[in-house]
Amino acid sequence: MHLKSLTLKGFKSFASATTLKFEPGICAVVGPNGSGKSNVVDALAWVMGEGSAKTLRGGKMQDVIFAGAGDRKALGRAEVSLTIDNSDGALGIDYSEVSVTRRMFRDGASEYEINGAKARLMDIQELLSDSGIGREMHIIVGQGKLAEILESRPEDRRSYIEEAAGILKHRRRKEKAQRKLVGMQANLDRLEDLTEELGKQLKPLARQAEAAKRAATVQADLRDARLRIAGAKVVELRAKFEDSQQQAEMLAAQVEELSAQLEESSQRQAEVEAELAEVAPRTEAAQKLWFDLSTLSERISATQRIAAERASNAGAQVPYAG
Ligand code: ATP
């Protein structure tokens, strides 16, 4: 992995778009004092997410925007794009070339892009941290710093060398892992407390579980017994139903028989009534005849009595024929 190119537009002294191409190995930028060599280094730090204006040798972050020089007017924004060769896949992204862009406007708003797609500063830091060139992981040795390094004590020099060798990345990972371990230990302690607490609750819970098991068995027995009773009831009701059905059939047969008898009797009654209707005038006539004859008999008896009386009165005995 190496830096392929750096494009500056409106960044510090680079008013016009300027692209620097780098090859693997050492690259040198040569120029007179004040020509903007350090601005190139600042652009590198800035595009990788540098957040300190002081580190970029300014009072505030907007100072990186071209402020005008000679007859060229100040610009409204600064933009730097860094292209990194990723053919060895050092950056965890599926591109052989990765381009990171940072843009800043006069109102202080910053924009980031990864391969032309909008991104957050966090995304850029995450992308670069794996390769060891992220924030605080690359080493920029500015003017004057070299002397400081050369004159430093061996222990201080060791830290510079460690950082330059990329050990910082691993140290950060170690710190992160240690923080995680501390967190995990806390979780472990909590877990132990919980285990202890749960252990205390386990006995009553076991008793409850046993009771629940027994209750389940009793409930199953109860259900079974209820089913048996219901089954027996069904059998009984079915027998009763069959019995009732038989009785109903018998009654229906009786009703049918009685109906036939009733019909026969009705017919007989009608016949008798018809006979009666036929006999009634004769009965009436017989009654009338009997009445007439009775009246006549009474009259004859009366006449005989009168005759007998008269005969008696006349002295002659007339035998009674009544
Ligand atoms: P030296 O070798 O003396 O350190 P250098 O080549 O590193 O110089 P730089 O310090 O990178 O030069 O550049 C300084 C130049 O950049 C100055 O001329 C300064 O005016 C110009 N400069 C810095 N910031 C801006 C800006 N925002 N707008 C315009 N020009 C700027």
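Numbering of ligands and ligand atoms starts at 1, following listing order. Not measured: the values here are computed from a predicted model.
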Heavy-atom contact under 4.0 Å between Ser35 and ligand 1? yes

In this structure, does ligand 1 have an atom that sits under 4.0 Å from one of the heavy atoms of Ala15? no

Determine the sole option in Lys12, Arg102, Lys9 for which the salt bridge (charged side-chain N to carboxylate O under 4.0 Å, His left out) test with Glu79 is passed. Lys9

Distance filter under 4.0 Å to Phe66 heavy atoms, resulting ligand 1 atoms: 28 (N), 29 (C)

Judged by non-hydrogen atoms, does Asp42 sit under 4.0 Å from ligand 1? no

Considering residues at least two apart in sequence or located in another chain, which fulfil the side-chain hydrogen bond (donor to acceptor under 3.5 Å, both in side chains) criterion with Thr283? none

If we ignore hydrogens and angles and just use 3.5 Å, is the side chain of Ser297 paired with the main-chain N or O of Leu293 as donor and acceptor? no

Where ligand 1 meets Asp63 - atom numbers and elements under 4.0 angstrom, heavy-atom basis: 27 (N)

Can a side-chain donor-acceptor contact be found between Gln269 and Glu273 if the only test is distance below 3.5 angstrom? yes

Please report whether ligand 1 has a polar contact with Gly68, defined as an N or O pair separated by less than 3.5 Å (distance criterion only). no

Arg72 vs Ser16, test: side-chain contact (heavy atoms from CB on, under 4.5 Å). Steps then yes/no. CA-CA 10 Å; Arg72 289 204 70 160; Ser16 309; 2.6 Å; yes

Basic-acidic side-chain contact under 4.0 Å: Lys60, Asp63: yes

Can you check whether Val64 has an N/O within less than 3.5 Å of an N/O in ligand 1? no

Taking 4.0 angstrom as the limit and counting only heavy atoms of Pro32, give me the atoms of ligand 1 inside it, by number and element. 6 (O)

Can you figure out which of Ala43, Gly10, Gly58, Ser13 has its heavy atom closest to atom 21 (C) of ligand 1? Ser13

CG (Asn187) and CZ (Arg190) are apart, to the nearest 0.5 Å, by 9.5 Å

Within reach of ligand 1, part of Val40 (heavy-atom separation under 4.0 Å): neither

Check: Asn313/Glu309 side-chain N/O donor and acceptor closer than 3.5 Å: no

Selected option - heavy-atom contact closest to atom 12 (O) of ligand 1, from Gly36, Ser38, Ala78: Gly36

Do Gly34 and ligand 1 have an N or O pair less than 3.5 Å apart? yes

